[in-house]
Amino acid sequence: MAEGLSLKNITKRFGNFTALNHVSFDIKPGEFVTLLGPSGCGKTTLLRIIAGFLEPDEGEVWFGDQKMNDVPPHKRNTAMCFQSYALFPHKTVYENIRFGLRMRKVPASQHRALVEEAMAMVNLTGLENRKPYELSGGQQQRVALARSVVVRPNILLFDEPLSNLDAKLREKVRVEIRDLQRKLGITAIYVTHDQSEALAISDTIISMNQGAIIQKSDPRTIYDRPVSKFIADFIGTANLVPCTVTRQQGSLFQVQSPYGMLLAEDKDFPHDSGEYYLCIRPEDVRPVLDGEPAGEDNILEGVVKNSIYMGNTLDLFARVQTEPLRASVWKDYHIEEGTRIRFAVPRSKIRILEG
Ligand SMILES: Nc1ncnc2c1ncn2[C@@H]1O[C@H](COP(=O)(O)OP(=O)(O)OP(=O)(O)O)[C@@H](O)[C@H]1O
Ligand SMILES: [Mg+2]
């Protein structure tokens, strides 16, 4: 059964260093939540506190309506799945998966059925007698996954489970993880520093930096409406330049920037900040071909310095005034390096962000 989870004001220090600083959030039963952030921001520390392997210095951990601070790890009914898999090298697949059942003192008579069911869920049927070294990386990852789900946890914790796999396999296995989590209806907390993985797999993304939460949103919101320059830069690619607001009328802003004077329509404008940045995603920049009307869009004039064919897009690295501007445009355009060009950016696609 899925269980919701609440962290209330969690602080964790290692000596003088504060690894987590007043972290609070709620997760609904059955939700798939990703913790996303740069190396060292506290993701693993947070998972370990949820699982009970580490005690917070301050704050409370709640599963549903039960406070868990004093509940030992083996009584929390969470399971953890790691990047390193942590499989026993000399045990078979079957024994590796059964391990968790023995740890939890599940009666031996139930083991075979439970292990076989878990193996079927992750497409490992037929491989029960192999040893880990006789499996591919993807298969080893599935054994680790089966070992986590066989104990029927309420909350499944993943710490970068796919980082040892190549890009194609990561995409495949992440869909399998997502399907399995839905099928079992388990609450999942998934750590990654791969932003595309986070966007693809999550109901909710919690973006962290230096032990604090910066934004908690669904993938679309975090990408389209990042709350700060840090998030816009960390998730996806963004043209980010400092700017000054020179006029405001409702949600319409006139801003001065290294790209020139631009108009932006932004209902989420952060009024309390002193320092502002313009954010323009490369895919929102469009070349204006000769004679084509730009309508109300902003026009940025520049020179294409590099033109790179990516297969699915053509990526232009241009210079507008003194500032670099990246544009991802239709792949069938032929735009040579050195071309003088006008780019259009819709008002609604320009975000004004805090620094
Ligand atoms: N046992 C420990 N003793 C001292 N410092 C620690 C300990 N565990 C973690 N830290 C520090 O706390 C910070 C957060 O570590 P954590 O492992 O949570 O980062 P992370 O976000 O998981 O990073 P990565 O993406 O590299 O795995 C780091 O600066 C780390 O050096
Ligand atoms: Mg980590």
Side-chain angles (χ1 to χ4, degrees), residues 5-25 27 31-61 68-69 72-73 76 78-87 137 140-141 144-145 147-148 153 155-167 169-171 173-174 177 181 187-202 204-217 219 222 226-237:
L5 174 132
S6 296
L7 298 187
K8 300 179 182 172
N9 262 312
I10 298 287
T11 293
K12 179 69 194 174
R13 296 181 203 94
F14 296 109
N16 290 332
F17 176 75
T18 304
L20 294 171
N21 196 2
H22 298 287
V23 169
S24 300
F25 57 76
I27 295 176
E31 195 172 354
F32 198 115
V33 174
T34 297
L35 303 177
L36 178 68
S39 184
C41 73
K43 305 179 295 293
T44 298
T45 304
L46 201 50
L47 279 196
R48 292 171 62 79
I49 285 174
I50 294 168
F53 302 131
L54 262 185
E55 259 183 61
D57 294 308
E58 289 168 40
E60 297 176 359
V61 178
M68 304 303 283
N69 288 54
R76 291 198 180 190
T78 59
M80 200 139 165
C81 192
F82 300 96
Q83 159 184 2
S84 57
Y85 316 150
L87 301 180
Q140 289 179 37
Q141 183 53 57
L145 195 56
R147 194 174 55 181
S148 317
I155 299 174
L156 198 46
L157 306 169
F158 294 95
D159 199 354
E160 310 215 19
L162 307 183
S163 45
N164 287 338
L165 306 182
D166 67 54
L169 199 53
R170 288 171 75 112
E171 283 189 14
V173 180
R174 79 187 182 204
I177 288 180
Q181 178 265 347
T187 308
I189 306 176
Y190 188 98
V191 164
T192 182
H193 52 235
D194 178 336
Q195 41 101 6
S196 60
E197 196 163 289
L199 291 171
I201 204 168
S202 320
T204 304
I205 297 176
I206 295 178
S207 169
M208 296 176 64
N209 194 24
Q210 296 180 347
I213 292 180
I214 314 292
Q215 186 168 7
K216 175 173 181 277
S217 311
I222 214 162
V227 297
S228 71
K229 175 175 177 268
F230 168 80
I231 304 228
D233 206 18
F234 193 74
I235 302 179
T237 307

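For ligands, and for the atoms within them, numbers begin at 1 and follow the listed sequence.
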For residues 46-58, which side-chain donor-acceptor pairs fall under 3.5 Å, sequence neighbours excluded?
residue : atom : partner : partner atom : Å
D57     : OD2  : R13     : N            : 2.5
E58     : OE2  : R13     : NH2          : 2.7

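- Contact check for F14 versus T45: side-chain heavy atoms found under the 4.5 Å cut-off.
- No hydrogens or angles considered: nothing links the side chains of Q181 and Y190 as a donor-acceptor pair under 3.5 Å.
- Two residues are said to be in side-chain contact when any heavy atoms from C-beta on lie closer than 4.5 Å; V61 and L7 meet this criterion.
- Between S202 and T34 the shortest heavy-atom distance is OG-OG1, 2.5 Å.
- The shortest non-hydrogen separation linking M208 to I214 is C-CG1, 4.1 Å.
- Considering only heavy atoms from C-beta on, L87 comes within 4.5 Å of R147 through its side chain.
- Two residues are said to be in side-chain contact when any heavy atoms from C-beta on lie closer than 4.5 Å; Q141 and C81 meet this criterion.
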What side-chain donor-acceptor pairs closer than 3.5 Å can you find for residues 227-237, not counting sequence neighbours?
residue : atom : partner : partner atom : Å
S228    : OG   : F230    : N            : 3.4
S228    : OG   : I231    : N            : 3.4

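- Within a radius of less than 2.8 Å around the Mg ion (ligand 2), the protein N, O or S atoms are T44 OG1.
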Are there any N/O pairs under 3.5 Å between ligand 1 and the protein, and if so, what are their distances?
residue  : atom   : partner : partner atom : Å
ligand 1 : 18 (O) : T44     : N            : 3.4
ligand 1 : 18 (O) : T45     : N            : 2.9
ligand 1 : 18 (O) : T45     : OG1          : 2.6
ligand 1 : 21 (O) : C41     : N            : 3.2
ligand 1 : 21 (O) : G42     : N            : 3.0
ligand 1 : 21 (O) : K43     : N            : 2.9
ligand 1 : 21 (O) : K43     : NZ           : 2.9
ligand 1 : 22 (O) : T44     : N            : 3.0
ligand 1 : 22 (O) : T44     : OG1          : 2.8
ligand 1 : 23 (O) : G40     : N            : 2.8
ligand 1 : 25 (O) : K43     : NZ           : 2.7
ligand 1 : 25 (O) : H193    : ND1          : 3.4
ligand 1 : 26 (O) : S39     : OG           : 2.5

